[in-house]
Amino acid sequence: MEPLITQLTDEGVLLPDGAVDMDELNLISGTHTPDFAETLWTLTGGDADTATRIYSFMTSLYSNGKQADLFEFITILYGILGLDVPEPITAISSHPEALNRYLFEFLLDYDDVIGDIAASDA
């Protein structure tokens, strides 16, 4: 088994039968997305329009089947934000089904976090 697949299995992302554990991907996204979204919000000076445009762009990539491009964009944003891409997320990128589901969860969490921050700043 290749190292990243072994890592995904060890972390519970992949079940012993090779299926993707959707709950684990939800937990990974829920753990790492808030820091990403909060840092982005801070860097933009709380600009809701910019946060919404980024979300719309990411959603468009996802909806058009461009998961690899979306993942690349997210990793670029991590760098701009001065954050390291968390290791579990790097490993997830090696498995197309897991990546697809992670990105879905990421988009939901990003939207929730930005919405919560914007509401608390209002």
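Position 1 is the first residue of the sequence; numbering continues from there. Given the structure is predicted, the values throughout are model-derived calculations rather than measurements. For the numbers below, each heavy atom of this structure counts, side chains included, while hydrogens, waters and symmetry mates do not.
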Atom pair [atom1]/[atom2] of [X] and [Y] - distance to nearest 0.5 Å:
X   : Y   : atom1 : atom2 : result
I89 : T31 : CD1   : OG1   : 9.0 Å
L27 : M22 : CG    : CE    : 13.5 Å
L99 : I92 : CG    : CD1   : 8.0 Å
L61 : I74 : CG    : CD1   : 9.0 Å
E38 : L81 : CD    : CG    : 12.0 Å
D69 : M58 : CG    : CE    : 13.5 Å

Indicate, with yes or no, if the rings of F57 and F73 have centres closer together than 6.0 Å.
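Centroid distance F57-F73: below 6.0 Å, so yes.
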
Treat each ILVMFWY residue as a node, draw an edge where side-chain heavy atoms are under 4.5 Å apart, and state whether L8 and V85 are in one component.
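Yes, same cluster.
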
Side chain to side chain donor-acceptor pair (under 3.5 Å) partners of E97, counting only residues at least two apart:
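Testing E97 for side chain to side chain donor-acceptor pair (under 3.5 Å), a comparison that skips the adjacent residues, returns none.
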
Residues two or more places apart in sequence or in another chain: which of them pass side chain to side chain donor-acceptor pair (under 3.5 Å) with D111?
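Result, side chain to side chain donor-acceptor pair (under 3.5 Å) vs D111: none returned.
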
Partners meeting side-chain contact (heavy atoms from CB on, under 4.5 Å) with D84 (sequence neighbours left out):
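D84 satisfies side-chain contact (heavy atoms from CB on, under 4.5 Å) with no residue once adjacent residues are dropped.
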
Can you list the steps and then say if L77 with L83 is a side-chain contact (heavy atoms from CB on, under 4.5 Å)?
CA-CA 9 Å; L77 287 175; L83 301 171; over 6 Å; no

Show me the pairs that pass side chain to side chain donor-acceptor pair (under 3.5 Å) and involve residues 13-30, at least two apart or across chains.
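Counting only pairs at least two positions apart or across chains, the side chain to side chain donor-acceptor pair (under 3.5 Å) contacts touching residues 13-30 are N26-E105, S29-T33, S29-D109.
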
Just grab all the side chain to side chain donor-acceptor pair (under 3.5 Å) pairs involving residues 49-58, residues at least two apart or on different chains.
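Checked against side chain to side chain donor-acceptor pair (under 3.5 Å) - neighbours excluded - the pairs reaching residues 49-58 are D47-T50.
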
Can a donor-acceptor pair be found, under 3.5 Å and without considering hydrogens, that links the side chain of T75 to the backbone of E72?
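Between the backbone of E72 and the side chain of T75 there is a qualifying donor-acceptor contact (under 3.5 Å).
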
Kindly state each residue pair satisfying ring pair (Phe, Tyr, Trp, His ring centres under 6.0 Å) with at least one member in residues 23-52, sequence neighbours excluded.
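Listed by first then second residue: F36-Y78, F36-F106.
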
How close do I114 and A51 get, counting heavy atoms only, and between which atoms?
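It is CG2-CB, 3.8 Å.
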
Are N100 and V20 close enough that some pair of their side-chain heavy atoms sits under 4.5 Å apart?
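SC-SC contact between N100 and V20 ruled out.
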
